[in-house]
Participant: 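The structure under discussion is supplied below as structure tokens; questions concerning it will follow.
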Amino acid sequence: MACNNLMVLYSGGTIGMQMTAEGLAPASGLEALLRARQAEQHDGLPHWRFRELQPLLDSANMTQANWLALADAVRQAVDEDGCDGVLLLHGTDTLAYSAAALSFLLLGLPVPLLLTGAMLPVSSSGSDAWGNLFGALRRLQAGIAPGVYLYFHDRLLHGARASKLSSDAFDAFAELPRLRQGAHASAWPASLSYRQPRQPVRLAVLPLHPGFDASLLRALLENGVRGVVLECYGSGTGPADDPLLLEVLREAHARGVVLLAISQCLHGHIDFAVYAAGSQLAACGLLSGGGMTREAALGKLFALLGAGLGQADVEHWLSLDLCGERRDDTAS
Ligand code: ASP
């Protein structure tokens with residue numbers, strides 16, 4: 001769908017930052033720079049409006065409440081302002097997390113949402129900001145199917161499959177080649193629609209590591225956490241010969257905590273049945289996240305638990321593909 005009435009949302013990030021005594025910090029004034037640059041060099045772009053979100057953030061400070069505010073701003077642009085495409089400018093540090101969270105918070109959004117940012121501010125010579133900004137606007141103008149995407153360095157990536165792989169290269173984002181297959185949800189309830197309000201929810205992401213102390217996991221799980229993304233080894237293994245770990249997992253699951261496993265391997269996916277050290281974890285209530293990335297697992301868990309669904313429903317929707325996060329051939 002070709003867009004001709006766009007909204008540009010500016011949430012902060014390096015792209016519009018200015019130097020301060022403490023280093024780069026978010027700054028307003030990006031709209032004027034963008035309009036001046038367009039007048040000089042970029043004819044024929046569709047009409048766009050610009051909204052600066054408050055407060056402008058270094059995306060390292062992004063919270064669940066900020067994700068909800070981003071989703072609201074997109075919803076408003078589409079449902080109230082009648083925009084047929086949205087470009088969200090965002091810091092790169094948590095860009096992939098926000099793209100994933102918004103992929104699930106905005107299920108059913110009838111227009112495309114592109115997220116982009118830059119490794120260098122617009123004010124730096126040789127910055128990648130202009131290429132990313134105008135490239136994203138051109139992609140929206142050319143037409144893209146509804147859905148959430150991350151656009152960076154001339155590449156259009158799936159919003160729920162992208163990760164930041166470099167802290168300094170312009171080509172900083174990629175889709176990790178993780179196995180994605182499984183059943184796609186042919187429909188989902190209104191409670192998962194982009195119009196559904198969500199609430200913040202207590203979540204944690206934890207990597208297993210040699211010497212993992214299950215009593216620390218217990219302390220965390222007894223502290224009101226509603227869902228955990230456990231980053232397991234390889235195909236979904238962990239120290240299953242530790243009876244305390246199995247007990248902690250079993251108890252937490254019985255209390256209603258959602259336990260979601262993903263693989264620490266960059267190219268990995270969960271297949272618990274390969275090893276006893278995996279199937280023993282699964283027997284305690286740990287659910288396979290398939291080939292989901294950390295960003296997708298966290299964003300999906302948030303969107304489901306934040307919508308107020310109970311444990312069984314959350315586990316049901318976690319195990320199905322909602323938007324291409326669990327299988328590659330989903331039409332987005
Ligand atoms: N720390 C910055 C941010 O995420 C980095 C960037 O935008 O590239 O906002």
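Atoms within each ligand, like the ligands themselves, are counted from 1 in listed order.
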Participant: Give the residue, atom name and distance (to 0.1 Å) of the protein heavy atom nearest atom 6 (C) of ligand 1.
Facilitator: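 Going atom by atom, the protein heavy atom closest to atom 6 (C) of ligand 1 ends up being T14 OG1, 2.7 Å.
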Participant: Considering only heavy atoms of G13, which atoms of ligand 1 have at least one such atom less than 4.0 Å away?
Facilitator: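 Every atom of ligand 1 under 4.0 Å from some heavy atom of G13: 7 (O), 9 (O).
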Participant: Salt bridge or not between E247 and R218? Use side-chain N to carboxylate O under 4.0 Å.
Facilitator: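 R218 and E247: salt-bridged.
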Participant: Starting from atom 8 (O) of ligand 1, locate the nearest protein heavy atom and write down its residue, its atom name and how far away it is, to 0.1 Å.
Facilitator: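 Answer, as residue, atom name and distance: T92 OG1, 2.4 Å.
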Participant: Is R198 positioned over the aromatic face of W67, cation under 6.0 angstrom from the ring centre and no more than 45 degrees off axis?
Facilitator: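 Not satisfied by the 6.0 Å and 45° rule.
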Participant: Could you walk me through whether W48 and Q38 pass the side chain to side chain donor-acceptor pair (under 3.5 Å) test, one step at a time?
Facilitator: CA-CA 11 Å; W48 51 267; Q38 178 171 331; 2.6 Å; yes
Participant: Less than 4.0 angstrom from a charged side-chain N to a carboxylate O is my criterion; do E325 and K300 meet it?
Facilitator: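 The answer is yes: the pair qualifies as a salt bridge.
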Participant: Output yes when the distance from some N or O of ligand 1 to some N or O of S59 is under 3.5 Å, and no in every other case.
Facilitator: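 There is such a contact, yes.
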Participant: Atom 1 (N) of ligand 1: which protein heavy atom is closest, and how many Å away?
Facilitator: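 Of every protein heavy atom, D93 OD2, 2.7 Å lies nearest to atom 1 (N) of ligand 1.
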Participant: Do other residues, nucleotides or ligands put more than 12 heavy atoms under 6.0 Å from Y275 OH?
Facilitator: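 No.
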Participant: Against ligand 1, does P26 come closer than 4.0 Å with any heavy atom?
Facilitator: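 No, P26 has no heavy atom closer than 4.0 Å to ligand 1.
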Participant: Counting both backbone and side chain atoms, is some N or O of M17 under 3.5 Å from an N or O of ligand 1?
Facilitator: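 Between M17 and ligand 1, no N or O pair is found under 3.5 Å apart.
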Participant: Could you tell me, atom by atom, which parts of ligand 1 come under 4.0 Å of a heavy atom of D58?
Facilitator: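 Listed by number with element: 1 (N), 2 (C), 3 (C), 4 (O), 9 (O).
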Participant: Can Q311 and H316 be counted as having a side-chain donor-acceptor contact under 3.5 angstrom?
Facilitator: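 Not at all, the side chains of Q311 and H316 share no donor-acceptor pair under 3.5 Å.
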